[in-house]
Amino acid sequence: MVALQEVGRAGRERKSRRAEAGLRYKAGTAYNPTITVYRSDMRLTFVDDSISFDGYSATSRPLDAPEKALVYLPAALVARGHDVQVFNRCQTPRDCFGARWEMLDGAPPRESDALIALRRPALLDFVPAARKKVLWVAGDSAALASGGAARAFERQRPLMVFTSEAARSRWPNALRVSTRIIEPGVAAAYLEEEPMAPADPPRAIATAHPLLGLEWLLRLWIEKIRPAAATAELHVYSAILDRGRLGAEIPASIRPALMLAQAGAPHGIVIHRPLADPGMAEVYRAARVHLHPGAESEAYVGTLAESQAVGLPGVGRTLGQAVWARIIDGQTGALCVDDDRFAAAAIELLTDQGTFERMSAAARRLQSGRSWHVAAAEWEEFLA
């Protein structure tokens, strides 16, 4: 514990730690709450048993939203004066922006002000004496209602944190445990005040999972959008499609989207491997619109939050609740109920400079205040 205290306090001013972590709060935006320090000396323990990564991974490789959140939130909490340990499948113990990352089989602390388990209720046993136990829900909460997960949940009755109202609304909460919505922050790479630099020919970006409406978007691009924007390109960022493009075996359910994307090459469709946050920020700055097909099952569309913060307008199909929280219709993009409106909005942003500039400026002004420092302040208030 002495070493952890040294990591959290010795010789570090809060300002310098915040700068090191790349965390910053931007005033005068839609997200501009009063940043109050509720308690600055908590001992916090995070635990996750998914994949191998650590607190530096988001700057060097693409991560899914839950893993990315586990990178940035501990660093933001350290910047606010807390002692933080993260236990996961990292390859070696190390300090990352002030948080101590430990291997999952390492000795857990005997006590903690809060234990935050990512996704799995079984992990709530990791620090039995924790003052508070929190289940950080990522993905479909229906998986918590059966089998061992349900039994662990009933035994622990943890506090629950959801990323959106869309996610919380799917949870029946039969045990009436306390719940809270805390949206993720946006990484510093997307908050830099770099100018937009749209490429020529104009680019649209898609980041949707192949099973969540991407085939619909590809067909709409080929049939309606590209014919009216003859030089435009659709750049699809998908790890699984990129693997399939390179010859790797992919699930049968994904193959139709891969075949359609490859067949769409003459129509400007290009498949890419997703990049780490700094690289994706540059991708968004070079584009004119982020096209999102939407899906009923979506809980939180992190890539739209990031691209909007950069200043990239979005066009979303209004399936499910999640997209409504990411795009401000008519200001930072368009929310569309049918194919024709979606195509028309995409075409306008690809071809009309005035519309692009107006919506780009609004996106950066209204959507770039949700830093991880702001999110960490909400976590601090919840855990104090």
Side-chain angles (χ1 to χ4, degrees), residues 31 33-34 36 38-39 42-50 64-67 69-70 73-74 76-77 80 82 84-88 108-185 295-302 305 319-326 370 372 374-384:
Y31 292 106
T34 299
T36 301
Y38 294 90
R39 181 183 170 191
M42 287 188 287
R43 297 165 59 187
L44 306 175
T45 306
F46 290 80
V47 60
D48 167 58
D49 66 352
S50 59
D64 288 338
E67 289 76 24
L70 192 58
L73 179 59
L77 288 166
R80 292 181 62 80
H82 304 289
V84 182
Q85 285 181 292
V86 181
F87 289 82
N88 80 331
R110 287 195 293 268
E111 59 184 26
S112 185
D113 287 305
L115 169 69
I116 302 98
L118 184 61
R119 284 180 286 232
R120 293 192 60 229
L123 297 174
L124 293 164
D125 290 320
F126 193 73
V127 182
R131 182 173 62 86
K132 290 185 177 181
K133 294 189 176 183
V134 180
L135 184 64
W136 194 0
V137 181
D140 188 0
S141 60
L144 305 176
S146 61
R151 290 190 293 273
F153 183 87
E154 185 171 358
R155 185 177 70 255
Q156 296 285 357
R157 294 177 181 245
L159 305 171
M160 297 182 73
V161 171
F162 294 88
T163 59
S164 68
E165 182 58 43
R168 185 166 68 174
S169 67
R170 300 190 192 106
W171 173 246
N173 200 8
L175 298 177
R176 298 187 180 278
V177 299
S178 178
T179 66
R180 178 74 173 268
I181 297 170
I182 305 180
E183 286 192 2
E296 294 286 352
S297 61
E298 285 180 328
Y300 178 81
V301 190
L319 291 180
Q321 301 177 45
V323 71
W324 288 92
R326 303 277 68 84
R370 185 68 185 180
W372 274 105
V374 174
E378 295 178 13
W379 273 93
E380 182 183 272
E381 182 271 334
F382 177 65
L383 296 173

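It should be emphasised that the depicted structure is a prediction, and the values quoted were computed from it without experimental measurement.
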*For A69 and P74, work out which heavy atoms get closest and say how close.*
O-CD, 4.0 Å
*Ion pair present between R370 and E378, side-chain N to carboxylate O less than 4.0 angstrom?*
yes
*Smallest separation among heavy atoms of P109 and V127, with atom names*: O-CG1, 3.6 Å
*Considering all heavy atoms, the nearest A114-A130 contact*: C-CB, 4.5 Å
*Out of curiosity, L159 CG to T179 OG1, how far, rounded to the nearest 0.5 Å?*
9.5 Å
*Would you call R168 and E165 a salt bridge, taking side-chain N to carboxylate O under 4.0 Å as the test?*
yes
*Determine whether M160 and F153 make a side-chain contact, defined as any pair of heavy atoms from C-beta on separated by less than 4.5 Å.*
yes
_Please report the interatomic distance CG(L118) to CG(N88), rounded to the nearest 0.5 Å._
9.5 Å
*Less than 4.5 Å apart, any side-chain heavy atom of F87 and any of T45?*
yes
*D125 side chain near Q156 side chain, heavy-atom distance below 4.5 Å*: yes
*Indicate yes or no: at least one non-hydrogen side-chain atom of E154 is less than 4.5 angstrom from one of L175.*
yes
*What are the two closest heavy atoms between G185 and A375, and how far apart are they?*
N-CB, 3.9 Å
*Atom pair NE2 (H82) and CH2 (W379), whose distance is rounded to the nearest 0.5 Å*: 12.5 Å
*Search all heavy atoms of A376 against all heavy atoms of A76 and return the closest pair with its distance.*
CB-CB, 3.6 Å
*Reference residue I182; test side chain to side chain contact (heavy atoms under 4.5 Å, CB included); the match among T163, V161, L73*: V161
*Yes or no on side-chain contact (heavy atoms from CB on, under 4.5 Å) for V323 and L319, after CA distance, side-chain angles and deciding distance?*
CA-CA 8 Å; V323 71; L319 291 180; over 6 Å; no
*For the atom pair CZ (F162) and CG (L135), what is the distance rounded to the nearest 0.5 Å?*
8.0 Å
*Mind checking the CG-OG spacing from L70 to S50? Nearest 0.5 Å is all I need.*
7.5 Å
*Mind listing the closest non-hydrogen atom pair of L115 and L124 along with its distance?*
CD2-O, 3.4 Å
*Just wondering, do W171 and V137 contact through their side chains at under 4.5 Å, heavy atoms?*
no
*Thinking salt bridges, do E111 and R43 make one under a 4.0 Å N-O criterion?*
yes
*Do K132 and M42 touch side chain to side chain, with heavy atoms closer than 4.5 Å?*
no
*Indicate yes or no: does D113 engage R131 in a salt bridge with an N to O separation below 4.0 Å.*
yes
*Do the charged groups of E298 and R326 touch, with an N to O distance under 4.0 Å?*
no
*Do F126 and S112 have side-chain heavy atoms sitting under 4.5 Å apart?*
no
